[in-house]
Amino acid sequence: MDIKGHAAIVTGGASGLGAATASELARAGARVACLDVNLDGARAVAEKIGGQALHCDVTHAEQAAAALRQARDKHGAARIVINCAGVGPAKRIVGRDGPMPLADFERVIDINLIGTFNIMRLVAADMQSLSPLADGERGVIIMTASVAAFEGQIGQAAYSASKGGIAALTLPAAREFAQFGIRVNAIAPGIFQKSLAAAVPFPKLLGRPDQFASLARHMIENTYINGEVIRLDGALRLAPR
């Protein structure tokens with residue numbers, strides 16, 4: 001898909017991977033809406049890229065639907081959606097204070113997995129009604145998984161479960177939406193923390209948000225990438241702790 005001129009949605013667009021991706025899409029000519037619970041942060045990003053900022057809790061069905069309507073009213077129906085909203089707290093299943101509070105596990109699943117699914121179901125319904133482009137494509141949805149989906153470390157039970165769910169969701173979603181010309185992929189980033197950069201085989205560097213954004217752009221532009229979870233990790237495989 002040629003990104004130029006199309007409407008794009010980026011959740012978690014106020015910072016990190018989302019902000020970098022929103023900037024990359026804007027440079028490619030997209031009309032970008034940054035959705036985030038941090039509205040001030042989303043506004044700061046939107047002002048820099050000439051986009052739109054909208055408050056959105058991705059776990060809330062009505063609030064997400066309302067934010068997407070606002071984005072559609074301003075930019076038209078989105079053909080590009082990047083799900084970056086997420087949290088990654090560390091907590092053992094059974095710690096010094098006893099079992100992990102169930103609410104802590106539920107919060108991570110709600111934001112990372114259910115929130116991603118919530119946005120997907122809403123935007124896919126819109127995309128299905130769009131006229132196909134020259135190659136028959138109607139839209140692209142990219143989700144954010146993690147290498148923790150495959151090698152979760154001690155303390156990452158909730159996070160790994162949420163990201164493993166996204167990895168498992170990718171192919172069935174791509175298969176379901178294929179008849180409409182909608183592609184679904186996911187990126188599984190590796191280490192983006194300075195203290196752990198030395199564990200990366202090569203290059204021994206901290207992963208950068210702009211590298212995530214660059215891969216997201218390529219996945220949009222390369223119409224043969226579909227149903228894939230692509231690791232972005234410098235050949236890293238996480239140790240147990």
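As the structure is a prediction and not an experimental result, all values here were calculated from the model. Start at 1 with the first residue, then count along the sequence. What you see below is based on every heavy atom in this structure, not just the backbone, and it leaves out hydrogens, waters and symmetry mates.
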Residues 4-12 side chain polar contacts: donor-acceptor under 3.5 Å, at least two apart:
residue: His6; atom: NE2; partner: Asp2; partner atom: O; Å: 3.3
residue: Thr11; atom: OG1; partner: Cys84; partner atom: N; Å: 3.0
residue: Thr11; atom: OG1; partner: Ala85; partner atom: N; Å: 3.2

- Task: Considering only NZ, NE, NH1 and NH2 on the basic side and carboxylate oxygens on the acidic side, decide whether Glu47 and Arg43 come within less than 4.0 Å.
- Result: no
A side-chain contact here means heavy atoms from C-beta on lying under 4.5 Å apart; do Thr144 and Leu17 qualify? yes
With side-chain contact (heavy atoms from CB on, under 4.5 Å) as the test, would you mind laying out the steps for Leu39 and Cys56 before giving the verdict? CA-CA 8 Å; Leu39 184 56; Cys56 179; over 6 Å; no
Examine Leu68 and Val32 and state if one hydrophobic cluster contains both, with Ile, Leu, Val, Met, Phe, Trp and Tyr joined whenever side-chain heavy atoms are less than 4.5 Å apart.
no
Heavy atoms from other residues, nucleotides or ligands near CZ of Arg237 exceed 12 (cutoff 6.0 Å): yes
- Look at atom CG of Asp135 and say whether more than 12 heavy atoms of other residues, nucleotides or ligands are closer to it than 6.0 Å. yes
Hey, is CZ on Arg121 packed in by over 12 heavy atoms from elsewhere, all under 6.0 Å? yes
Checking Arg138, Met120, Arg183 against Phe177 for side-chain contact (heavy atoms from CB on, under 4.5 Å), the one that qualifies is Met120
- Could you give me the CA-CA distance, side-chain angles and deciding distance for Met1 and Ile80, then say whether side-chain contact (heavy atoms from CB on, under 4.5 Å) is met? CA-CA 9 Å; Met1 180 187 294; Ile80 299 165; 3.8 Å; yes
| task | For residues His218 and Ile220, determine if any side-chain heavy atom of one lies less than 4.5 Å from a side-chain heavy atom of the other. | result | no
Value for CG (Leu215) from OG1 (Thr21), rounded to nearest 0.5 Å, stands at 9.5 Å
Note to self: With a 4.5 Å cut-off on side-chain heavy-atom distances among I, L, V, M, F, W and Y, is there a chain of contacts connecting Val108 to Leu113?
What the structure shows: no
Taken to the nearest 0.5 Å, the spacing of Arg79 CZ from Ile3 CD1 works out to 13.5 Å
Sequence neighbours excluded, the answer for salt bridge (charged side-chain N to carboxylate O under 4.0 Å, His left out) partners of Arg72 is Asp126
Distance col, row Ile154:CD1 vs Leu238:CG, nearest 0.5 angstrom, shows 12.0 Å
Hydrophobic cluster membership, with links at side-chain heavy-atom distances under 4.5 Å among I/L/V/M/F/W/Y: are Val229 and Ile225 in one?
no
- Would you mind reporting whether Ile93 and Pro99 have side-chain heavy atoms less than 4.5 Å apart? no
- Query: Is Phe180 close to Leu130 at the side-chain level, that is, under 4.5 Å between some pair of heavy atoms?
  - Reply: no
Please confirm whether the backbone N or O of Gly41 pairs with a side-chain atom of Asn38, one donor and one acceptor, at under 3.5 Å? yes
**Q.** Lys/Arg-Asp/Glu bridge criterion (N-O < 4.0 Å) met for Glu151, Arg231
**A.** yes
Phe150 CZ: over 12 foreign heavy atoms closer than 6.0 Å: yes
d(Thr116 OG1, Met143 CE) to nearest 0.5 Å is 7.5 Å
Would you check if His55 and Gln63 make a side-chain contact, meaning some heavy-atom pair closer than 4.5 Å? yes
Rounded to the nearest 0.5 angstrom, the CE-CD distance for Met127 and Glu137 is 9.0 Å
>> Quick check: is Ile230 connected to Ile182 through a chain of hydrophobic side chains (ILVMFWY, heavy atoms under 4.5 Å apart)?
In response: no
CA sep, side-chain torsions, deciding dist, call: Asn83, Ile141, side-chain contact (heavy atoms from CB on, under 4.5 Å) | CA-CA 8 Å; Asn83 289 288; Ile141 298 169; 3.9 Å; yes
*Mind checking whether Phe117 and Val140 sit in one hydrophobic cluster, side chains of I, L, V, M, F, W, Y counted as touching below 4.5 Å?*
no
Value for CD1 (Ile119) from CD1 (Ile82), rounded to nearest 0.5 Å, stands at 12.5 Å
In the structure I gave you, are the side-chain heavy atoms of Pro101 and Lys91 within less than 4.5 Å of one another anywhere?
yes
